[in-house]
Amino acid sequence: MKVGCFALIDPFSTLDHQLSRIAGLGFKYADVTDNHPGGLLGREFGFTATASLDDNPGDLVSMFRAHGLEATSICAHANLLDASAPSRYGNAEITKAIKLAHNMGLEDVITTEGEPHTDWGKSLSRDEQILVIVEKLWEPVRLASALRVRLLLEPHGPVTGTIDGLGAVLDRLGHPESVGVNLDTGNSWLAGTDPVEMAKAFKDRIYHVHWKDMSSDWIARRGTIFGCGMATIPLGTGEVDIGGVYDVVKNSPAKHSTLEIAGDANVTQSYAYLKSLGAE
């Protein structure tokens with residue numbers, strides 16, 4: 001399994017800067033992390049590391065290649081449990097991410113439902129949560145299937161953070177050839193799930209992995225929080241059984257994985273740890 005890096009190394013800097021830093025840390029792979037439709041003031045004035053979903057795909061590929069990097073996936077993490085609104089990243093943005101991935105020659109777009117922020121979203125029953133997630137992903141999945149792109153669901157919410165919830169969404173969406181799983185070791189653990197058991201449950205559907213380890217400081221919040229952007233400790237030093245997960249996912253369809261870890265020393269130590277397990 002190949003290891004890449006989350007393209008948010010330094011705050012208040014451009015995507016081009018992030019890719020330069022990632023290459024400097026010795027990586028060959030990175031993802032398209034933060035993104036948005038249309039234009040964004042922060043990008044134009046150089047203080048945010050984001051790509052536009054409306055970018056010329058050739059320009060993005062060229063930017064990665066200029067740093068000796070290969071893009072492996074596009075993150076399209078959404079809010080699918082609150083009502084649809086133009087101000088929320090949702091169905092429309094996931095659709096654009098799938099088209100961008102296709103035009104960049106990428107196989108995977110990674111999404112999730114996130115946590116609801118409104119009273120309406122928080123009031124949904126479990127069955128209603130699954131229904132609204134599937135309804136918002138139904139057309140993106142049809143598009144992904146037509147364009148031969150995979151849409152991967154990541155444990156990063158109250159439904160996908162559990163084995164039964166993620167399984168229910170996968171079952172309702174169908175299209176096993178174009179819908180899979182991006183296993184996130186830290187997010188699944190935060191949700192109260194055993195990441196090793198989640199890896200075993202979906203081994204044949206895992207096409208990408210996000211690597212995080214979590215410190216004991218998070219134990220009290222397990223089951224009440226359903227994801228975090230980056231870990232702050234190296235792999236193999238916290239509460240997550242990274243070695244146990246690797247033993248499972250090394251036999252999954254996943255070819256690529258991404259470190260979601262803050263701090264240069266933590267990133268390089270984590271990369272070395274995964275290499276000791278057999279990763280590239």
Mind checking salt bridge (charged side-chain N to carboxylate O under 4.0 Å, His left out) for K96 and listing every partner two or more places apart, or none if nothing turns up?
-> D54

Supply the atom-to-atom distance T160 OG1 to N187 CG, rounded to the nearest 0.5 angstrom.
-> 8.5 Å

Any pair with a residue in residues 147-186 that passes ring pair (Phe, Tyr, Trp, His ring centres under 6.0 Å), sequence neighbours left out, goes on the list, sorted by first then second residue, please.
-> H77-H156

Which atom pair, heavy atoms only, marks the closest approach of P57 to M104?
-> CB-CG, 3.7 Å

Counting only heavy atoms not in R222, do more than 12 sit closer than 6.0 Å to its CZ atom?
-> yes

Applying ring pair (Phe, Tyr, Trp, His ring centres under 6.0 Å), which residue pairs with at least one partner in residues 254-280 are found, sequence neighbours left out?
-> F27-Y271, Y29-H256

May I ask you to test the I9-D264 pair for a side-chain heavy-atom distance under 4.5 Å?
-> yes

4.5 Å side-chain heavy-atom contact, H210 and L183 = no

In this structure, CG of L170 is separated from CD1 of I130 (nearest 0.5 Å) by 10.5 Å

Cluster check V248, L166: I/L/V/M/F/W/Y, side chain < 4.5 angstrom | yes

Rounding to 0.5 Å, atoms CG (L173) and CD (E135) come to a distance of 11.0 Å

Do side-chain atoms of R43 reach the backbone of T48 as a donor and acceptor pair under 3.5 angstrom?
-> no

Side chain to side chain contact (heavy atoms under 4.5 Å, CB included) involving E139 - partner list, sequence neighbours excluded | R142

T237 backbone acceptor or donor facing D213 side chain under 3.5 Å = yes

Judged by atom type as modelled, is there a donor-acceptor pair below 3.5 Å linking the side chain of K136 to the main-chain atoms of L80?
-> yes

What pairs with D10 under salt bridge (charged side-chain N to carboxylate O under 4.0 Å, His left out), at least two apart in sequence or on another chain?
-> R21

side-chain contact (heavy atoms from CB on, under 4.5 Å) between E197 and I163, worked out | CA-CA 8 Å; E197 293 306 311; I163 292 172; 4.1 Å; yes

Given the rule that I, L, V, M, F, W and Y join up when any side-chain heavy atoms are under 4.5 Å apart, are L153 and F226 in one cluster?
-> no

Less than 4.5 Å apart, any side-chain heavy atom of N79 and any of E115?
-> no

Write down the atom of P155, the atom of M198, and the distance for their closest heavy-atom approach.
-> CG-SD, 3.9 Å

Donor-acceptor under 3.5 Å (S145 side chain, V141 main chain) = no

Does anything in residues 86-134 pair up under ring pair (Phe, Tyr, Trp, His ring centres under 6.0 Å), and if so which pairs, sequence neighbours excluded?
-> none

Decide yes or no for I206 and N182: does some side-chain heavy atom of the first lie under 4.5 Å from some side-chain heavy atom of the second?
-> no

Shared-cluster residues of L131, by chain and number - hydrophobic side chains joined below 4.5 Å | none

Heavy-atom check, side chain of L137 versus side chain of N91, under 4.5 Å | no

Same cluster for V245 and I233 if Ile/Leu/Val/Met/Phe/Trp/Tyr side chains link at under 4.5 Å?
-> no

If you round to the nearest 0.5 Å, how far is CD1 of I94 from CD1 of I74?
-> 12.5 Å

Given side chains that start at C-beta, do those of I98 and T95 come closer than 4.5 Å, heavy atoms only?
-> no

Looking only at heavy atoms, what is the nearest atom pair of S52 and P37, with distance?
-> OG-C, 4.2 Å

Charged N to carboxylate O under 4.0 angstrom, R126 versus D164?
-> yes

Determine the minimum heavy-atom distance between A71 and L106, stating which atoms define it.
-> O-CD2, 3.2 Å

Taking every heavy atom of H17 against every heavy atom of S13, the minimum-distance pair comes out as CD2-OG, 3.2 Å

Under 3.5 Å, side chain of S188 to main-chain N/O of D184, donor-acceptor pair present?
-> yes

Is there a side-chain contact between R205 and V179, using heavy atoms and a 4.5 Å cut-off?
-> yes

So among I225, T224, V240, which one has a side chain to side chain contact (heavy atoms under 4.5 Å, CB included) with L190?
-> I225

For D16 and T14, test the side chains for any donor-to-acceptor distance below 3.5 angstrom and give the result as yes or no.
-> no

By side chain to side chain contact (heavy atoms under 4.5 Å, CB included), M1 pairs with (sequence neighbours left out) V209, W211, Y246, V249, A254, S257

Residues joined to L8 in its hydrophobic cluster, side chain to side chain under 4.5 Å directly or through other members, sorted by chain and number, are F6, M230

So, Q18 side chain and L15 main chain: donor-acceptor pair closer than 3.5 Å or not?
-> no

Compare all side-chain heavy atoms of E70 with those of V61 and state whether any distance is below 4.5 angstrom.
-> no

Just checking, any donor-acceptor pair under 3.5 angstrom between side chains of E154 and T111?
-> no

Tell me who clusters with Y207, hydrophobic residues only, linked when side chains sit under 4.5 Å apart either directly or through other members.
-> I110, L152

Separation between OG of S73 and CG of D31, rounded to the nearest 0.5 Å | 4.5 Å

Evaluate side-chain contact (heavy atoms from CB on, under 4.5 Å) for V149 paired with V109, printing each intermediate quantity in order.
-> CA-CA 7 Å; V149 172; V109 171; 4.1 Å; yes

Between N35 and the options L53, L100, L60, D55, the side chain to side chain contact (heavy atoms under 4.5 Å, CB included) test singles out L53

Do any pairs count as a salt bridge (charged side-chain N to carboxylate O under 4.0 Å, His left out) and have a residue in residues 236-262, sequence neighbours left out, and if so which ones?
-> E107-K255, K212-E260, D247-K250

Side chain to side chain contact (heavy atoms under 4.5 Å, CB included) against D217, all qualifying residues, sequence neighbours excluded = S215

Any sub-3.5 Å donor-acceptor pair from N266's side-chain atoms to I261's backbone N or O?
-> no

Kindly work out whether a path of hydrophobic side-chain contacts (I/L/V/M/F/W/Y, heavy atoms less than 4.5 Å apart) joins F47 to L40.
-> no

Does V3 offer a backbone N or O that forms a donor-acceptor pair with the side chain of E280 under 3.5 Å?
-> no

Could you give the distance from NZ (K2) to NE2 (H208), rounded to the nearest 0.5 Å?
-> 11.5 Å

Might you point out which heavy atoms bring G161 and T193 nearest each other, and give the distance in Å?
-> O-OG1, 2.6 Å

